[in-house]
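I have placed the structure first, in the form of structure tokens, so that the comments after it can refer back to it.
We number each residue from 1, following the sequence as shown. These numbers come from a predicted model, not from an experiment.
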Amino acid sequence: KTRFKELRWKFLLIDDYALKPLRKFNESPSLKEGDKLDCNENKVPKKADIIKLILKEILDTEIEIIDLKKPKEATNNSDENNKNLLVCVESINEAKEALKTEMFDMIFLDYLLGDKTGGGRELGSELLKEIQDDKKNELRKNIGPLGKFWIFPISAFSYAIDRKSTRLN
């Protein structure tokens with residue numbers, strides 16, 4: 001566990017509910033002594049908080065949640081390079097912009113995203129298809145470790161991305 005402590009990680013979380021509060025709860029029996037989700041009656045955890053807690057446990061290091069929709073605070077780049085980041089986006093377009101400019105060690109991809117402009121819902125599998133069909137190499141130029149995208153589906157529909165990807169080849 002401690003061998004990961006020296007590494008710096010950058011994760012991309014693509015989920016339209018990543019930064020929205022989950023439902024309220026009192027004390028969860030699954031939380032261990034010392035685990036803090038910073039929740040009370042007015043503040044309930046978000047998916048990003050839960051993922052951050054899991055990553056912190058596995059990597060034995062702090063993780064900072066970044067909302068790409070919020071303007072960056074004035075920090076120098078060397079400070080940001082010394083942090084482990086969980087970058088959160090809500091849509092495929094936001095994810096594509098992030099992938100064009102930054103390299104991520106892992107990508108957590110929800111299957112069912114928000115509404116499309118022309119109607120219907122965005123699907124996480126659509127991003128996979130766009131990466132595959134990227135003729136200009138804009139989305140793959142910052143490909144992750146070992147020349148791969150390490151994409152993990154996070155969805156109540158855990159089988160959906162796999163089935164949709166199989167249908168799309």
Side-chain angles (χ1 to χ4, degrees), residues 9-26 28 30-31 37-56 58 63-73 75 80 83-145 148-169:
W9 297 86
K10 188 180 271 187
F11 304 96
L12 179 62
L13 173 55
I14 307 165
D15 188 333
D16 57 325
Y17 278 89
L19 297 169
K20 294 181 175 111
L22 301 172
R23 62 186 173 93
K24 291 185 177 187
F25 64 96
N26 292 329
S28 172
S30 63
L31 294 179
L37 286 175
D38 192 21
C39 55
N40 56 42
E41 283 188 30
N42 297 320
K43 183 165 178 150
V44 295
K46 303 166 185 73
K47 275 190 200 178
D49 295 327
I50 307 259
I51 291 171
K52 173 184 171 178
L53 184 67
I54 293 167
L55 291 171
K56 179 183 175 187
I58 293 168
I63 309 284
E64 182 179 334
I65 297 173
I66 303 291
D67 179 358
L68 280 188
K69 284 191 171 183
K70 290 187 177 177
K72 282 188 177 182
E73 295 176 15
T75 60
E80 189 171 292
K83 294 181 179 179
N84 298 295
L85 303 176
L86 177 61
V87 178
C88 300
V89 298
E90 294 183 355
S91 70
I92 290 174
N93 281 337
E94 291 173 12
K96 287 173 18 182
E97 288 307 310
L99 290 170
K100 287 177 185 178
T101 59
E102 300 181 49
M103 201 259 325
F104 295 94
D105 298 295
M106 289 183 200
I107 300 170
F108 300 101
L109 178 61
D110 190 20
Y111 176 68
L112 191 59
L113 299 168
D115 294 331
K116 287 183 185 179
T117 306
R121 302 281 303 264
E122 285 188 321
L123 302 177
S125 56
E126 293 170 5
L127 176 63
L128 300 177
K129 182 77 170 133
E130 289 198 39
I131 290 170
Q132 180 182 14
D133 295 343
D134 180 26
K135 303 286 187 239
K136 294 181 181 177
N137 219 23
E138 292 178 318
L139 301 176
R140 289 182 277 164
K141 70 179 178 184
N142 294 315
I143 202 159
K148 297 183 183 295
F149 279 116
W150 298 89
I151 300 174
F152 295 86
I154 54 162
S155 179
F157 311 103
S158 58
Y159 57 86
I161 289 179
D162 182 49
R163 287 186 182 168
K164 183 74 170 183
S165 298
T166 301
R167 281 191 299 235
L168 295 173
N169 287 328

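- With rounding to the nearest 0.5 angstrom, the CG atom of Leu86 is 12.5 Å from the NZ atom of Lys47.
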For side chain to side chain contact (heavy atoms under 4.5 Å, CB included), just list the numbers for Phe11 and Ile51, CA-CA rounded to whole Å, side-chain angles, deciding distance to a tenth of an Å, and then say yes or no.
CA-CA 10 Å; Phe11 304 96; Ile51 291 171; over 6 Å; no
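- For the side chain to side chain contact (heavy atoms under 4.5 Å, CB included) test, no residue two or more places apart in sequence or in another chain qualifies with Lys135.
- Considering NZ of Lys52 and CG of Leu85, their distance stands at 11.0 Å, rounded to 0.5 Å.
- Not a single donor-acceptor pair under 3.5 Å links the side chain of Glu126 to the backbone N or O of Glu122.
- Between Tyr111 and Leu123 there is a side-chain heavy-atom pair separated by less than 4.5 Å.
- Considering all non-hydrogen atoms of both residues, Ala95 and Ile14 come closest at CB-CD1, 3.6 Å.
- Between atom CD1 of residue Ile92 and atom CG of residue Leu128 there is a gap of 8.5 Å, rounded to the nearest 0.5 Å.
- With values rounded to the nearest 0.5 angstrom, Ser91 atom OG is found 11.5 Å from Asp15 atom CG.
- Counting all heavy atoms, side chain and backbone alike, Asp16 lies closest to Arg121 at OD2-NH2, 3.9 Å.
- With contacts defined as side-chain heavy-atom distances shorter than 4.5 Å, the pair Ile131/Leu99 qualifies.
- Proximity of Phe108 to Leu55: side-chain heavy atoms (C-beta onward) are separated by under 4.5 Å at one or more points.
- Of all heavy-atom pairs spanning Ala48 and Leu19, the tightest one is CB-CD2, 4.0 Å.
- Residues satisfying the side chain to side chain contact (heavy atoms under 4.5 Å, CB included) criterion with Glu97, sequence neighbours excluded, are Lys100.
- Summarising the geometry of Phe152 relative to Met106, their closest heavy-atom pair is CE1-SD, 3.7 Å, with the distance given to 0.1 Å.
- The side-chain heavy atoms of Leu113 and Leu127, taken from C-beta on, include no pair separated by under 4.5 Å.
- Using a 4.5 Å heavy-atom threshold, the side chains of Ile65 and Lys46 count as separate.
- Using a distance-only test at 3.5 Å, with no hydrogens or angles considered, a donor-acceptor pair links the side chain of Asp105 to the main chain of Lys10.
- Taking the side chain as every heavy atom from C-beta outward, Leu68 and Glu94 never approach each other to under 4.5 Å.
- The closest side-chain heavy-atom distance from Ile154 to Leu13 is below 4.5 Å.
- Legend: residues meeting ring-ring contact (aromatic ring centres under 6.0 Å, His included) with Phe104, ordered by chain and number and at least two apart, are absent.
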